[in-house]
Each structure stands twice: as C-alpha cells, then as structure tokens.
Amino acid sequence: MLPFLRPALAQLNTYTPHPGGSSAEQLLDRLDTNENPYDLPADLKQKLAWAYQQEIEANRYPDGSLANLKTAIAAYVNQSAGVDFVTAADLSVGNGSDELIRSLLIATCVGENGSILVAQPTFSMYGILAQTLGIPVVTVQRSSSFELDLAAAQQVIQQATQQTGNPPVRVVFMVHPNSPTANALTAAELEWLRTLPEQILVVIDEAYFEFSRATVLAELQQRPNWVILRTFSKAFRLAAHRVGYAVAHPELAAVLEKVRLPYNLPATTQTAALVALAYRTQLLAVIPTLLAERDQLFQALSQIAELRVYPSDANFLFVLPTSTTAANLFERLKSAGTLVRHTSGGLRISVGTPEENQRTVERLQQILSSQSI
Ligand SMILES: *Cc1c(COP(=O)(O)O)cnc(C)c1O
C-alpha cells in the first residue's frame with residue numbers, strides 16, 4: 001500500500017456497484033437494485049431534452065442553492081404526509097441519499113466525536129461510509145424475524161460509551177422498511193427510538209416510503225434528534241440522476257448544507273427532479289400495480305418448498321434458500337438470466353415487470369427442482 005495512505009483503508013471492502021451500462025448486464029433481468037422497473041415516460045424525457053436544449057446553459061454553474069427544488073420537495077413531503085410544517089429550511093438535498101449519509105457522518109462523528117450503531121443485516125453504505133471516515137461501527141444482530149434486539153442495542157450503546165474506548169454512539173441508522181429484509185419498524189422499535197437521548201441522532205432512512213407509505217414525518221417537529229432520508233432513486237424512477245433529500249431540524253439541515261459540496265447536483269439532475277415532482281401523480285401511479293405484483297411474487301415463491309420468503313413492506317423480497325447456499329442460487333439464477341442481490345446469507349429480489357417476475361418464479365422453480373433430484 002502506498003505509504004501516504006491511511007492504513008484503515010487497506011482493509012475496507014469496496015461497495016460493489018450495480019454493473020450498470022454494460023451491455024452484457026442489460027440482457028439480464030436486473031432485479032438487484034430495487035429500482036422502479038419502468039423508465040421515465042417518453043413525454044417526460046422529451047421535456048428533459050427540451051430543457052437541456054433551451055434552458056440549461058452548459059457553461060454555467062447550476063443553481064447551488066437548490067432553492068426551487070427544495071420548495072418543490074417541501075410541498076411533496078407535506079402533501080404526502082398530510083402535514084404543513086416542512087419548509088425549505090428543514091431540507092438538505094444530496095447527490096443521492098448516499099451523499100447525505102456521508103454528510104450526516106461528517107456532521108456528527110468525524111474526529112473521534114462518535115461511533116454509529118447499525119442493526120445487521122441492513123443497508124451496507126452506512127458502515128462503508130463510516131469506515132472511510134475512520135468512524136467506528138457498532139453492530140447488533142436482528143432476530144430471526146429481523147427485528148432489532150432492543151435490550152442488546154441498549155446495552156451496546158452503554159458499553160460503547162463506558163468500556164470499549166470507542167467514542168460514544170452518536171448516530172443510530174434504521175431503514176424503514178429495512179433493506180435487505182423488507183420489514184418496517186415495529187411499534188416497539190419506534191418506542192425504543194423515542195427513548196434515545198438528545199445526544200444521539202436517529203436516522204430513519206425512508207428510501208422505500210412511496211411503497212410502504214410508512215413514515216415518521218409527523219413526529220419530526222417534536223424530535224430534534226431525528227432525521228428522515230428519502231431518495232428519488234426508487235419509486236420516482238430517477239436512479240440515473242442521483243437525488244436524495246434529508247428532512248431535519250433546521251439547525252441540522254443548516255449544518256448539512258455547510259458540509260455538502262457547493263454544486264453537488266448537476267443542472268440536468270435538478271431539472272429531472274423538478275419534472276418528476278411536477279408529474280408525480282403520473283409517475284407514482286404504477287405503485288399499486290408494483291405492490292400487487294409483489295404480493296403475487298410472494299405467493300408464488302412461498303409455494304417453493306426450498307425457499308423461505310419473508311413478508312415485505314417495500315418493492316423487493318428477501319428469501320433464504322433452505323436446500324442450497326444463497327451463493328449457489330445467486331450464480332445459477334444469474335446464469336439463467338436473472339440478476340438479484342446476494343446479501344446477508346440470502347437473496348434480495350426486486351419486484352420487476354410482470355414478465356420479469358414470471359421469469360424469476362420459473363427460473364427459481366426450475367433451479368431448485370433440478371438440484372433436489
Ligand atoms: C436505495 C437506497 C438508498 C438510495 O440511495 P441513493 O444514493 O439515493 O440512490 C438509500 N438507502 C437505502 C436503504 C436504499 O435502499
């Protein structure tokens with residue numbers, strides 16, 4: 001390793017991004033990253049193309065204040081939660097919510113100011129980004145139904161402060177509903193999060209909100225130590241454009257604004273997010289269909305004896321094979337033409353188009369019946 005590098009980075013596993021864009025992968029059913037399977041409709045792409053030709057000055061910096069986008073996001077957040085208290089001052093917008101995760105870590109933990117707590121299995125970016133910044137990651141395991149062991153979490157928070165020499169737990173990351181396991185926070189988990197002291201930031205990642213309709217937004221006003229993360233990468237069909245946002249106490253939102261790069265969102269991305277919000281009724285209209293597809297996929301996979309399928313509040317299913325390894329099943333599915341995510345000893349399968357879902361079922365049936373003979 002080059003001698004000027006931080007030794008901790010040698011051990012770090014790189015996040016394996018989706019192999020997007022390669023033509024070989026495009027021939028597969030790409031059910032590994034939980035995107036909406038439907039591209040932006042042609043008329044909206046036309047609007048983006050028009051904006052690029054007529055409005056965007058490629059030689060000028062984009063709007064670094066993100067003012068228009070924040071106003072539009074605030075209106076959507078309020079409308080979708082039936083509240084009216086969210087304003088632009090409560091928002092920070094990131095180059096994907098991944099950027100906001102990093103900004104939150106910089107704002108709270110960097111410089112031995114804190115550790116983070118995650119409940120495994122969960123979204124891997126929290127731990128990866130923390131490690132790149134030299135921030136200790138404290139983990140607790142989830143139960144067999146993927147609920148957080150509250151007593152263990154409480155104990156770990158106390159131990160981390162008193163015994164390990166790590167800085168105290170400053171941030172608890174929870175996904176609602178969780179990835180890869182697809183379960184929403186339970187009433188007991190939420191109750192525990194409410195008991196956490198004001199020195200601990202609670203991050204509720206609602207990346208799948210448009211599918212689950214589960215949100216803690218209504219509580220945010222009473223809880224200055226809670227922040228919600230959302231993204232345009234899933235239901236809103238804009239993964240290619242990279243937009244996420246945080247809804248937070250205005251003091252935290254202001255610090256996130258200090259931490260972010262001044263021109264973090266390209267002009268084309270800002271336009272795409274504004275268009276998606278303006279036409280959200282049209283874009284989100286496919287969600288009931290995707291949820292019905294998910295339920296059908298759940299039923300079909302539940303019929304396969306060699307699979308354990310978990311209930312889902314999102315647009316993906318988590319399955320554990322019982323007669324072979326997840327690694328083997330992953331490889332065989334890929335050879336058959338379906339790419340899923342191999343993680344946490346299981347497979348996370350995104351809900352795709354009806355044709356893709358049908359193929360998922362057929363391929364799993366075929367692979368599992370042939371190997372059990
Ligand atoms: C997909 C996803 C995100 C979104 O990340 P972006 O950087 O906005 O694309 C964030 N959190 C979780 C849990 C996710 O599954």
Side-chain angles (χ1 to χ4, degrees), residues 15-21 30-37 40 66 69 73 76-77 91-105 116-130 132 142 146 148 171-185 189 202-212 214-216 227-248 256 260-261 264-266 269-270 272-273 276-277 290 294 312-318 340-344 346-352:
Y15 180 82
T16 331
H18 176 78
R30 288 162 291 167
L31 304 178
D32 61 329
T33 36
N34 296 344
E35 297 130 330
N36 191 319
L40 278 190
L66 305 172
L69 184 51
I73 290 173
Y76 165 65
V77 168
L91 298 175
S92 184
V93 185
N95 193 278
S97 47
D98 290 349
E99 184 194 2
L100 292 161
I101 294 166
R102 176 144 65 185
S103 296
L104 286 167
L105 293 169
I116 68 164
L117 177 70
V118 296
Q120 294 292 13
T122 196
F123 188 48
S124 62
M125 284 309 294
Y126 310 129
I128 292 170
L129 291 173
T132 65
R142 292 168 183 269
F146 303 123
L148 180 57
V171 188
V172 174
F173 282 96
M174 297 298 280
V175 198
H176 184 40
N178 190 41
S179 173
T181 56
N183 51 316
L185 288 169
E189 286 171 324
V202 176
V203 181
I204 314 270
D205 187 336
E206 297 184 348
Y208 300 97
F209 161 68
E210 284 79 12
F211 298 102
S212 70
T215 178
V216 298
V227 53
I228 293 173
L229 294 182
R230 300 261 185 87
T231 179
F232 282 77
S233 297
K234 306 289 159 58
F236 272 105
R237 319 191 197 180
L238 289 188
H241 283 284
R242 312 300 301 128
V243 200
Y245 57 96
V247 194
L256 293 175
R260 75 170 166 89
L261 296 176
N264 62 335
L265 282 205
T269 288
Q270 294 186 36
L277 285 169
L290 288 170
R294 172 197 69 194
S312 170
D313 292 303
N315 64 328
F316 57 90
L317 295 173
F318 188 65
V340 300
R341 185 97 183 161
H342 172 211
T343 178
S344 315
L347 300 182
R348 192 192 66 190
I349 306 175
S350 310
V351 176

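Both ligands and their constituent atoms are indexed starting at 1 by order of listing. For this chain, numbers begin at 1 and follow the sequence in order.
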Problem - Distance-only side-chain donor-acceptor flag, T269 / R242, under 3.5 Å - result: no
Handout entry: D205 N/O under 3.5 Å from ligand 1 N/O
Key = yes
Practice task
Measure K234 to ligand 1 on non-hydrogen atoms and call it side chain, backbone, both or neither using the 4.0 Å cut-off.
Solution key: side chain
Handout entry: ligand 1 contact by R242, heavy-atom criterion under 4.0 angstrom
Key = yes
Exercise for the section: Verify, without hydrogens or angle tests, whether N315 (side chain) and R294 (backbone) share a donor-acceptor contact under 3.5 angstrom. Expected result: no
Handout entry: Beyond-backbone contact of N183 with F318, side-chain heavy atoms, under 4.5 angstrom
Key = no
Problem - Centroid-centroid under 6.0 Å between F123 and F173 rings - result: no
Exercise for the section: Show your reasoning for whether ring-ring contact (aromatic ring centres under 6.0 Å, His included) applies to F211 and F316. Expected result: CA-CA 10 Å; F211 298 102; F316 57 90; 8.8 Å; no
Fill in the blank from the handout: Closest to atom 4 (C) of ligand 1 among protein heavy atoms sits S97 OG, 3.3 Å
Completion exercise
Counting from 1 in the order shown, the ligand 1 atoms closer than 4.0 Å to a non-hydrogen atom of S233 are 6 (P), 8 (O), 9 (O)
Exercise for the section: Would you please indicate yes or no on a ring centroid separation below 6.0 angstrom for F236 and Y76? Expected result: yes
Fill in the blank from the handout: Within the 4.0 Å heavy-atom cut-off, what D98 brings close to ligand 1 is both
Problem - Element-labelled atoms of ligand 1 that are located less than 4.0 Å from some non-hydrogen atom of T231 - result: 4 (C), 6 (P), 8 (O), 9 (O)
Problem - From CA spacing to verdict: side chain to side chain contact (heavy atoms under 4.5 Å, CB included), R348, S179 - result: CA-CA 8 Å; R348 192 192 66 190; S179 173; 2.9 Å; yes
Handout entry: Close side-chain approach of V243 and T231, heavy atoms under 4.5 Å
Key = no
Problem - Contact check, G96 vs ligand 1, heavy-atom distance below 4.0 Å - result: yes
Exercise for the section: Give yes if a backbone or side-chain nitrogen or oxygen of N95 is under 3.5 Å from a nitrogen or oxygen of ligand 1, and no if not. Expected result: no
Problem - Close approach, F232 and ligand 1, non-hydrogen under 4.0 angstrom - result: no
Fill in the blank from the handout: Looking only at protein heavy atoms, what sits closest to atom 15 (O) of ligand 1 is Y208 OH, 2.6 Å
Handout entry: Atoms of ligand 1, numbered as shown, that sit under 4.0 Å from any heavy atom of V175
Key = 13 (C)
